[in-house]
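Working notes for the structure below.
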Protein chains: 2
Amino acid sequence: MAWRRLSGDGTAPAEETQLNRLARLLKPQSVALIGATDSSMWSLYTYQNLRAFSPDLPVYCVHPRHDVVHGQPAHRSIGAIGQPVDLAYVMVPTSEVIPVIGEAVSAGVRHAVVLTAGFAETGAEGRALEERLVALATEHDLVLLGPNGNGFINASDQLAPYGLPIAPPLHAGPLGIVLQSGGLASVVLHMAQTRHIGISHLVATGNEAMVTATDVLAYLVDDPGTAAIAAFLETIRDPGRFRAVAEAALGAGKPMVVLKVGRSAAGERAALAHTGALVGDRDVVRAALRHFGAVQVDSLEDLLVTAGLLAYNRAPLGRRLAAVTASGGACDLIADRATDEGIELPEFPAATTTGLTELLPAFSNPRNPLDVTGYVVVDPTISHRALEIVVEGAPGHYDTILYQATLPQSPPRDPSLTLNRLKAVKAAVERSPVPVVIQTVSSSDISPFARSVLDEVGLHATNGIEHGMTALGHAIDWHERRRRLMGRQATGTTVTRERVRLDGAGNGTLSEAAARELLASGGVPVVPARLATTADAAVAAALHLGFPVVLKVASPGVAHKTDVGGVAMDVRGPDEVARAFTSITASVRSALPRARVDGVLVSPMRRGGAELLVSVRRDLAWGPVLAVGLGGVWVEALNDTSLRLLPVGADQVEEALHELRGAALLRGGRNRPPVSVGRVAEVVVAIAAVAMSLGEELEALEVNPLWADGDDVEVLDALVVMR
Amino acid sequence: MAWRRLSGDGTAPAEETQLNRLARLLKPQSVALIGATDSSMWSLYTYQNLRAFSPDLPVYCVHPRHDVVHGQPAHRSIGAIGQPVDLAYVMVPTSEVIPVIGEAVSAGVRHAVVLTAGFAETGAEGRALEERLVALATEHDLVLLGPNGNGFINASDQLAPYGLPIAPPLHAGPLGIVLQSGGLASVVLHMAQTRHIGISHLVATGNEAMVTATDVLAYLVDDPGTAAIAAFLETIRDPGRFRAVAEAALGAGKPMVVLKVGRSAAGERAALAHTGALVGDRDVVRAALRHFGAVQVDSLEDLLVTAGLLAYNRAPLGRRLAAVTASGGACDLIADRATDEGIELPEFPAATTTGLTELLPAFSNPRNPLDVTGYVVVDPTISHRALEIVVEGAPGHYDTILYQATLPQSPPRDPSLTLNRLKAVKAAVERSPVPVVIQTVSSSDISPFARSVLDEVGLHATNGIEHGMTALGHAIDWHERRRRLMGRQATGTTVTRERVRLDGAGNGTLSEAAARELLASGGVPVVPARLATTADAAVAAALHLGFPVVLKVASPGVAHKTDVGGVAMDVRGPDEVARAFTSITASVRSALPRARVDGVLVSPMRRGGAELLVSVRRDLAWGPVLAVGLGGVWVEALNDTSLRLLPVGADQVEEALHELRGAALLRGGRNRPPVSVGRVAEVVVAIAAVAMSLGEELEALEVNPLWADGDDVEVLDALVVMR
């Protein structure tokens, strides 16, 4: 990465150095607008934003031909300013960018934002231009955000060198935002503002010639003003570093909520069209993000509402929820959505029911979720008084309380009533032994009046039931998951490299015998098998192993044995074995005359139980990836697999198995005992360890099926392909 | 229904009469507020709403002790008003409701809204009170909305006898709304207002003592000012009438969008807690709504955005979409969400690409979905000019165009620029041969300024990408589905009732032989079988049918034959048949010593292909319900079935099969030919017809499995239980 060469002395700088440089970029002491002109809206907006939110910040307008820009004296060049410039904000035409950056570095500028487009996003020529720009910056130790980006907003310090309009106030708060889309940056900002989600920073990374989204994420993880992070990502350019940053976020307890686009083929094409960046294998990226503990969402609404809830609220410690609402319809919606999210709504304890019965009108029915009834119109205090009673009853009964607040759309005649009600809510929230999440019923904007009162009281309200319940589900998941991930240990035996015998047909495929031996040497249970080279030997093997048996051709290079008549299942007697032996060898010889046939493997036939698929493949970006699934049609027709990056621990494998659509099969049923998922996970970990031990030369290791019946787990067939 | 007794002459009144009465209720010429008082917020809000939106409407305040209420002279009783009163709006304490309704009918009032709570929702006592209220109203031909409801809003006529505050303006438009939740009515109204969705009526039905949500739906289907309907439903009290209304809506081309709560066990409990109404079998209700062509959604956002899109836009005629946006990030999101919704994004035709290349800056990449780039900041006209070019290219290439509009958050310095841009968009929309759906990027509120400009131009903007794409998907589905449903014909042979022989063990279960005969007589293909009463006869039957065979005990009253050792599968030779016969009869006699054993059925063993489950059960509310699913673990462990109300046509059965999670299995795979879904559907229709012919005495008819291999479809086992 160019960014890594910044120290200039040929060694990779420490992470701190990069963070310090980003900190200086994001908190400039003075800004020069290069290419400032009254005729450019970008110039005007950037100037207005800087003036509106940081009136004391020195801002210099630079234009080669104008004396006055935006009503203040302009400079003909950066060099002509005569004062130190901390940040150059560049809006000149594409062809002028490199010359003005040259001037900037000569004038001692070390940080720049380049808004100008026309670089790598346009093709080969633009890419070359961008490379020259980066080379120039690197040579002179200049850190550059963009090109083709809108700049950034540092709301913590009220600094906004940002090329699109920002409606005041610039509400500062605990959410850090990074986007790989300039166009959506303003949409996301507006959605955050109207939902009363305060931000620490919002950075649009543009083409990421130097500073990438991952760099910004690293900064936000380190930033004490940021409690949670929202990221809109089209591509992850540096998987290894991203992994380190995501793990740091997890360690720091800062939830990272990611909207990764390109999860469909059409989305992938769309992203490619305007960024030129490949988005990477969708399923692997999702698995990777999950592996690192990121929360994944699919809409801007969920991105903001989920990240907002995580940024503002205490960690929910379990799945039991108590809800206080002002309408039965809201109760219905909350109950349905809670079920979707795996959240329970236990009955209130007796004392709570008694207290609520005393408080509420006779026609109420004090159950969880609670409808305080339309009587709030008569006595608005019953709502927060009900909350107080529910808070009292929390210990041992629920882990989180949801409080639905009706916020005024416009200033009421007596604003102090609203203020006092919300102060009472705040007091209950502070007294509560469990987190209290405030939620609005409607997902319409929170009115400016309501925002000011929430600010004064120090409360955050989550926006609407639909996205609010999604957010609550994600928050519970994230905290649960974090506890698991923080304690995880990859386990499994290591198989030494020497055990692999590449006795395949030259294409890197191991014979089944070699694959079986390899797995067995790693402690993986493999179904017994005897290699028979004659029909008589096959019969003897079958008699030894016990009927029924399975016969399979032993031939390296035959990947799909069934397709060439190389398999006989459920063979029940000696005569049938002899016939099957003859039939198999004849079919294979006829289908593949030049294949080497070592003989026929005879194994006991396993029946009942479940068949799974376990595979490890190497992804170019993310390394070895484990896939587990149910075998047969589940994989073939439904593509029902669950992915994990390696190495994995048994708990992660169990989690992956529980995610399968067909997971219910493992739980058993009438006449079917449950499969020991714990034992399966142990075996999968051992298989994964064998795959890892083969290093980068492993192309794919596939066990299909892995048979499981109660505690019995065995590899029935395996394929290993080396590069 | 009390409502049906309105005519008072003992005959059911014509639907028109009910509609006329509802029309008079919803469009009163004068209103008396009974229980009006300055100390009640409900009274104040209702009075303010009537004054604000219909200043010329006569409104009388009635209170037994006040001379002046809300600043105008009050009356001591309705009788004292001395003017005709069209609608009584009742807010008196619960115990006073019946006396004042008595006074009202004496004064000739024939329509009332009762806001007062404390009736059926509180238990047995309240239920009795409500029954007395209804009896009184029915006796005097008074139509009553409520009790325990907020009233209604008739925005078409700007009349709002509604007990909660309404922020002006009351934007009239084509969406009719009915809710079984008073608390959510104001939330939904506010969400509609802030999304610039104009409403015709909004009615909260409260306890539905007389006027039900179905009555209001019937009214809205008939109302020329309503183009689409949104319904928030907790329960459907009158399934038969609901069905007729839903079918009328379909016939009239008015989409009905339904948010039916209680789809989880927790939601069902929540609804029961505050309405006392059972919500009905969740899965059956969903199937019923689908059957009638209703669009089903799960959030208030989708309820409004989907119904709004359907109310304002032309019918999309297919699944090919062209999209015009101002950001690459929006393109990514649209592409991903389009894929979710089964919407295609074909390439632009060459002429469109050429036109766009000429229009847009050099660094753009004119693909579908189109990003006109951040250059809109320099030249805002490129957005609608791009739309014009895309409109030109529509014929033969796409069925719908999505245009993303950036609407100003506050009035710009020159509002005419916004107006002119939107006028250009409107002109393109009108010229377009295909529907153009306008969409905002953000789901924040549409600003009052933007609303006024949209009004002036006559455009509707759908709110946000996430819910907007859901809405577009629903709209395409609804119009596709309507075409199918309008043309549907139930088919199938009728089996005469006489064919059923109840020769079971007295519990209503038919013997398998009788069930087989019944199905066969209805033209359903059934696997051949011979009843053997000795081992020798079983061997002879097997030799006749061909090996391998299946043996099953023939014994009425044994529902789960496998559990008692009554089945032998894959029996491959004569000796094995004889052994299996002996083993089966011995097992069953030992497990169930008193069961009548008629012998053993011998059938050919079917292998390969797919096994399905087909069942018909009678639902108390909705009548006979068909379930289809894939057999075995799919039903047992995953409950993967798809429901339809009877009668059904083959097209609906095909649709039901395609909905299954395991549907991919039917499409075949390596070594598995596809199943003829058309042939399966024919057979299912025949099975359903047999079930229908058994009338109300049928408890359940279950075929498990129905075996299907290519074009071969056969019943392998069947169970019929009569009441």
Side-chain angles (χ1 to χ4, degrees), chain A residues 41-42 117-118 121-122 167 181-184 187 190-191 194 232 234 261-264 266-267 270-271 273-275 299-301 326-333 335-336 338-339 345 363 365 367 369 371 374 377-378 409 441-445 466 562 633 636-638 661 664-665 669-671, chain B residues 41-42 117-118 121-122 167 181-184 187 190-191 194 232 234 261-264 266-267 270-271 273-275 299-301 326-333 335-336 338-339 345 363 365 367 369 371 374 377-378 409 441-445 466 562 633 636-638 661 664-665 669-671:
Chain A
M41 295 305 282
W42 283 306
E121 80 280 12
T122 61
S181 163
L184 288 184
V187 172
H190 181 57
M191 287 173 70
T194 53
F232 178 93
E234 288 177 333
V261 290
R263 62 187 166 80
S264 68
H274 60 87
T275 64
S299 69
L300 298 177
E301 289 79 6
S327 106
C331 287
D332 300 337
L333 289 171
D336 280 345
T339 303
L345 291 158
F363 58 82
N365 186 350
R367 316 268 309 248
D371 167 16
V377 175
V378 179
Q409 295 159 31
V441 189
S442 158
S443 61
S444 296
D445 295 358
E466 173 63 15
T562 311
V633 294
E636 192 193 323
L638 302 179
R661 280 185 283 171
L665 285 185
R670 203 156 59 83
N671 308 323
Chain B
M41 295 305 283
W42 283 307
E121 82 280 12
T122 62
S181 163
L184 288 183
V187 172
H190 181 57
M191 287 172 70
T194 52
F232 177 93
E234 288 178 332
V261 290
R263 62 187 167 78
S264 68
H274 61 84
T275 66
S299 69
L300 297 177
E301 290 79 6
S327 107
C331 288
D332 300 337
L333 288 172
D336 280 345
T339 303
L345 292 157
F363 58 83
N365 187 350
R367 315 270 306 252
D371 168 15
V377 174
V378 178
Q409 294 158 32
V441 188
S442 157
S443 61
S444 295
D445 295 357
E466 173 65 14
T562 311
V633 294
E636 191 192 325
L638 301 179
R661 279 185 284 170
L665 285 185
R670 202 157 59 81
N671 307 322

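Every chain is numbered from 1 and lettered A, B, ... according to where its sequence line falls, protein lines coming before strand lines. Here the structure is a predicted model, which means the values were calculated and not measured. Values reported hereafter were calculated over all heavy atoms of this structure, with side chains retained and with hydrogens, waters and symmetry mates removed.
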Which atom of Ala326(A) lies closest to which atom of Asp371(A), heavy atoms considered: C-OD1, 3.6 Å

Heavy-atom pairs under 4.5 Å with chain A are the metric here; pick the option from Thr194(B), Leu184(B), Thr339(B) that has the most. Leu184(B)

Residues two or more places apart in sequence or in another chain: which of them pass side-chain contact (heavy atoms from CB on, under 4.5 Å) with Arg661(B)? Leu638(B), Asp640(B)

So for Arg263(B), is it side chain, backbone, both, or neither that comes closer than 4.5 Å to the heavy atoms of chain A? both

Please round to the nearest 0.5 Å and tell me the distance separating atom OG of Ser442(A) and atom CD of Glu466(A). 13.0 Å

For the atom pair OG (Ser327(A)) and CG (Leu333(A)), what is the distance rounded to the nearest 0.5 Å? 8.0 Å

Residue, of Ala335(A), Ala266(A), Ser444(A), that accumulates the most heavy atom pairs under 4.5 Å with chain B: Ser444(A)

So does Val261(A) get a backbone contact from the side chain of Asp336(B), meaning a donor-acceptor N/O pair under 3.5 Å? no

Under 4.5 Å from a heavy atom of chain A, the part of Ser181(B) involved: side chain

Identify which part of Ala338(A) has an atom lying under 4.5 Å from any heavy atom of chain B, answering side chain, backbone, both or neither. neither

Tell me, out of Thr122(A), Val377(A), Leu300(A), who's got the most heavy-atom pairs with chain B below 4.5 Å. Val377(A)

